[in-house]
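Scroll down for the structure; my scribbles are underneath it.
Proteins come first, then strands; the chains are lettered A, B, ... in the order of their sequence lines, and each starts at number 1.
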Amino acid sequence: MEEKVEKTFYVTTPIYYVNDIPHIGHAYTTIIADALARYQRLKGKKVFFLTGTDEHGQKIEKTATEKGITPKELADRVVIRFKELWQRLNITYDYFIRTTEKFHEEGVQKIFQKLLEKGDIYKGTYQGWYCVSEENFLSEDVPLQPEGYKICPDCGRKAVLLEEESYFFRLSAYQKPLLDFYEANPQFVRPQTRMNEVVSFVRQGLKDLSITRTTVKWGIPVPGDPKHTIYVWFDALHNYVTGVGYDWNTELFQTFWPADVHLIGKDILRFHAIFWPAFLMAAGLPLPRTVYGHGWWLKDEAKMSKSKGNVLDPYLILEKVGPDPLRYFLLREIPIGQDGSFSHEGFVHRINSDLANDLGNLVQRTLTMVVNYFNGSLQEIGQEKEEDKKLARLFEETRDRVYALYDDYAINRALEEIWTYLNAVNKYLAECEPWKLAKIPETRPRLARILYQAVCAVRASSYLIYPVMPETAEKIWAFLGEQKKPGEVLTSELNFYDFRPDQKINRPEALFPRIDLKEFIGEMEKPKTEDYKASKLEAKMEYISYDEFKKMDLRVAKVLTAERVPGTNKLLKLQIDLGSEQRQIIAGVADSYAPEELVGKEFIVIANLKPAVIRGIESQGMLLAAEIEGKAIIPFFDREIPPGTKVK
RNA sequence: GGCGGCGUAGCUCAGUUGGUCAGAGCAUGCGGCUCAUAUCCGCAGAGUCGGGGGUUCGAAUCCCUCCGCCGCCA
């Protein structure tokens with residue numbers, strides 16, 4: 001076990017659900033994993049970096065059916081997109097696991113069987129709220145309506161209470177072991193606040209977990225009882241063991257398991273920090289060292305969602321700036337664990353000042369001087385002075401701090417340290433003023449020494465940057481005429497003075513051209529990727545005639561009063577002013593708007609809609625709103641309009 | 001409602017066990033340099049450390065209370 005600590009490193013991302021196309025959130029987790037993996041490789045560890053896709057489940061089956069393809073075909077398509085993105089981002093995963101792979105399915109079945117025999121899985125009856133239209137049990141955390149039923153979050157319809165035979169995992173038995181484990185391993189969940197949440201959740205008591213469904217066909221069959229399929233989390237979580245050889249490659253498995261860190265989004269914390277270790281305890285397998293829950297990237301303070309249309313497309317950014325600036329920004333801007341805000345302004349600013357000005361320009365000015373003053377080859381290097389030694393010493397101190405921070409997954413802090421050093425190198429040049437010495441022939445040895453120190457500093461600090469910006473580090477080393485790539489040099493082999501003066505330095509190209517903000521924003525607003533467009537076109541279009549449209553009497557209405565309809569979560573009762581008359585309408589917008597928020601607002605209603613009785617209350621019309629994930633968004637006007645005004 | 005966290009310069013945040021802890025970066029202003037991607041270097045700003053009370057020789061740092069955010073749970 002101790003040997004494992006010394007020699008190997010196993011990092012995972014979640015397996016991504018193939019019902020979604022890759023976005024910046026996927027990229028973020030995977031980039032973190034890649035930087036950690038690359039760093040550990042530099043340290044000489046054997047690294048296993050696992051990512052992949054989660055391909056089972058009702059939703060996949062449904063989407064596939066809608067597209068007229070099989071679930072596997074759907075998965076195949078999406079997998080290609082993920083792999084393409086990882087390639088563009090220079091992600092060095094060791095294996096890409098798919099939950100539809102045979103060895104995974106068999107591994108999961110084997111563990112299932114094992115726990116069944118052990119008694120940690122037993123057959124029982126699952127009682128849950130079932131949505132007939134979605135053909136799906138609602139998740140446990142859907143709240144009960146005051147009337148005593150639940151509403152399907154996907155379609156908004158009333159769900160019915162249903163019982164079915166199901167297998168259960170005896171999670172309740174693991175409350176104490178889990179709490180003991182957390183106490184003994186305070187670093188198991190990071191950051192600390194997430195650990196607090198987990199502990200308090202477990203303290204409240206754990207219920208056994210239903211882990212099979214008879215209503216879902218697209219899943220791994222329960223061994224010996226194939227009308228049941230294994231429910232999503234029990235299936236998906238085990239990728240972390242099947243992906244490193246559990247049950248099919250003992251050597252691989254023993255080399256790398258347990259994982260050093262599972263990187264996850266904070267939304268799936270409970271599964272990874274509670275269910276997963278419980279499953280492993282039951283199976284008698286060692287537990288991972290750390291589950292790290294990272295934060296969300298917000299787009300200008302707002303949560304990104306497909307429906308808001310504010311999801312950042314990693315491809316667009318990549319097209320414009322390439323992988324390294326994106327990797328750098330995401331890793332530098334925030335500590336893992338915090339939410340971050342991605343704005344175009346912030347991104348451009350960070351790239352221009354950190355990458356173009358600080359790093360890019362330092363490399364440029366240093367190498368250009370070597371080329372201009374020495375034709376690319378430093379000769380007659382003068383004696384080392386105190387300030388020269390200082391630059392080397394400072395690097396060593398920086399390096400040690402950077403390694404310690406990388407070891408602690410504090411990538412943003414590590415980058416901060418590196419940049420502090422880059423500033424010091426810039427300062428060194430400013431103080432030594434080599435451009436002045438270049439005019440005096442007698443000081444050539446001194447000039448050579450100064451540039452030698454600066455080149456060494458550039459070489460060494462770009463090595464530290466390599467885990468985050470591999471392409472950039474490689475470019476810099478290529479400028480320097482290094483035979484090796486930074487990724488081929490171990491941390492133990494890197495020394496400040498390893499730059500050999502006889503190496504011929506090439507005239508550099510700008511590493512990071514400055515980005516023009518306006519132009520950048522313009523490019524980012526370009527149409528999204530094909531899938532996005534395609535999905536819009538896929539919506540079937542049925543035409544109506546103008547006459548049919550004319551039948552609708554659309555009017556501007558002003559809200560006079562608004563109140564919740566008792567006993568509902570979504571409905572508001574609104575009294576509205578239609579100019580010539582007042583009316584009462586019932587609107588399903590309470591999810592998005594508080595009653596008081598609407599008073600005084602104006603929006604469009606269909607005034608000649610046949611009145612209907614909703615919840616025993618008459619509704620004389622209907623307001624127009626966009627529906628996004630079950631929530632209504634009302635289009636308001638940008639100026640005040642007399643109530644009753646016709647809209648066409 | 002319960003548990004946890006947060007509120008420090010315009011902005012984003014550091015501040016171990018209370019005593020150079022009032023800081024960094026960005027933004028702003030001024031000055032310097034010209035090798036370099038109009039880049040780089042230096043200097044300056046001053047904020048009652050959310051409000052109030054308390055413990056202490058001494059608190060941003062401990063205790064109480066109030067206000068305002070956020071997370072998890074119900």
Side-chain angles (χ1 to χ4, degrees), chain A residues 140-144 146 182 189-207 265-271 273-274 293-296 298 300-301 303 321 325 329 332-335 337-343 345-374 387 401 405 410 412-413 415-420 422-440 447-448 450-451 454-455 457-458 472 475 479 505 507-516:
Chain A
E140 295 277 346
D141 37 308
V142 173
L144 199 64
Y182 299 144
V189 178
R190 294 184 68 185
Q192 182 64 43
T193 55
R194 300 287 164 223
M195 179 54 121
N196 297 345
E197 287 175 14
V198 167
V199 170
S200 81
F201 185 89
V202 175
R203 282 217 179 104
Q204 287 177 46
L206 297 171
K207 281 189 293 187
K266 61 186 182 182
D267 53 323
I268 50 177
L269 180 68
R270 200 190 299 173
F271 304 101
I274 300 172
H294 70 240
W296 297 127
L298 311 176
D300 308 318
E301 318 289 298
K303 193 169 172 182
V321 300
F329 180 83
R332 166 63 209 259
E333 195 75 357
I334 50 165
Q338 259 190 14
D339 286 349
S341 167
F342 193 116
S343 69
E345 293 79 3
F347 180 74
V348 169
H349 184 261
R350 184 115 246 166
I351 299 315
N352 280 343
S353 63
D354 289 11
L355 299 187
N357 296 351
D358 292 346
L359 173 62
N361 183 58
L362 171 64
V363 172
Q364 186 85 356
R365 67 196 298 213
T366 304
L367 305 202
T368 302
M369 280 191 278
V370 175
V371 171
N372 288 349
Y373 303 153
F374 290 90
E387 59 261 40
R401 279 197 292 269
L405 289 164
N412 68 315
R413 298 271 325 280
L415 291 170
E416 248 176 78
E417 288 287 349
I418 298 170
W419 256 255
T420 301
L422 295 178
N423 293 339
V425 181
N426 269 321
K427 184 173 179 173
Y428 171 82
L429 288 175
E431 284 171 352
C432 294
E433 301 183 305
W435 48 90
K436 286 188 177 166
L437 299 183
K439 293 171 184 158
I440 313 167
L447 175 61
I450 292 165
L451 293 181
V455 169
V458 164
T472 299
K475 270 193 207 167
F479 291 156
I505 288 181
R507 187 174 285 280
E509 308 154 20
L511 287 169
F512 304 101
R514 291 178 63 79
I515 302 169
D516 181 76

Using the [atom1] atom as the reference point in each nucleotide, state the distance between [N] and [M] in Å, no decimals.
N	M	atom1	answer
U16(B)	U12(B)	C1'	22 Å
U8(B)	C13(B)	C1'	9 Å
C41(B)	A24(B)	P	16 Å
U48(B)	A59(B)	C1'	14 Å
G50(B)	C6(B)	C1'	11 Å
A22(B)	A14(B)	C1'	12 Å
G1(B)	U61(B)	C1'	31 Å
U28(B)	A9(B)	C1'	13 Å

Looking for any heavy atom pair under 4.0 Å, which part of the strands does [X] touch: base, sugar-phosphate only, or nothing?
X	answer
Tyr373(A)	sugar-phosphate
Asn423(A)	sugar-phosphate
Asn352(A)	nothing
Leu511(A)	base
Asn361(A)	base
Arg194(A)	sugar-phosphate

Exercise. Going from CG on Leu447(A) to CE on Met369(A), what distance comes out if it is rounded to the nearest 0.5 angstrom?
Worked result: 8.5 Å
Exercise. Closer to the 5' end of RNA chain B via nearest nucleotide, is it His349(A) or Lys266(A)?
Worked result: His349(A)
Problem set entry | Pairwise 5' ranking along RNA chain B for Ala430(A) and Phe201(A), keeping only the more 5' one | Ala430(A)
Exercise. Which of these nucleotides, A74(B), C3(B), C40(B), is closest to any side-chain atom of Asn357(A)?
Worked result: C40(B)
Problem set entry | From C73(B), C35(B), C40(B), nucleotide with atom closest to Met369(A) side chain | C35(B)
Quick one: look up who [N] pairs with, Watson-Crick or G-U, both distances under 3.5 Å, and put none if it's unpaired.
N	result
U56(B)	none
C49(B)	none
A38(B)	none
G25(B)	C11(B)
U17(B)	none
G68(B)	C6(B)

For [X] and [N], give me the distance from atom [atom1] to atom [atom2], rounded to whole Å.
X	N	atom1	atom2	answer
Asn196(A)	G2(B)	CG	P	18 Å
Lys303(A)	G71(B)	NZ	C1'	13 Å
Glu197(A)	C3(B)	CD	P	15 Å
Arg413(A)	G25(B)	CZ	C1'	13 Å
Glu416(A)	G15(B)	CD	C1'	14 Å
Leu415(A)	A24(B)	CG	P	21 Å
Ile334(A)	G25(B)	CD1	C1'	16 Å
Arg332(A)	U12(B)	CZ	C1'	11 Å

Quick one: is [X] getting a side-chain N or O under 4.0 Å of the [N] phosphate, OP1 or OP2?
X	N	value
Arg365(A)	C40(B)	no
Lys427(A)	G42(B)	yes
Gln364(A)	U37(B)	yes

[X] versus [Y]: any side-chain heavy-atom pair under 4.5 Å?
X	Y	value
Asn196(A)	Gln192(A)	yes
Asp267(A)	Trp296(A)	yes
Leu359(A)	Thr472(A)	yes
Thr366(A)	Val455(A)	yes

Problem set entry | Atom CZ of Arg413(A) with >12 non-hydrogen neighbours under 6.0 angstrom | no
Exercise. Would you say Glu345(A) has more than 12 foreign heavy atoms packed within less than 6.0 Å of its CD?
Worked result: yes
For this session: If the plane angle is over 60° it's perpendicular, under 30° parallel, otherwise tilted; pick one for Phe347(A) and Phe329(A).
Result: perpendicular
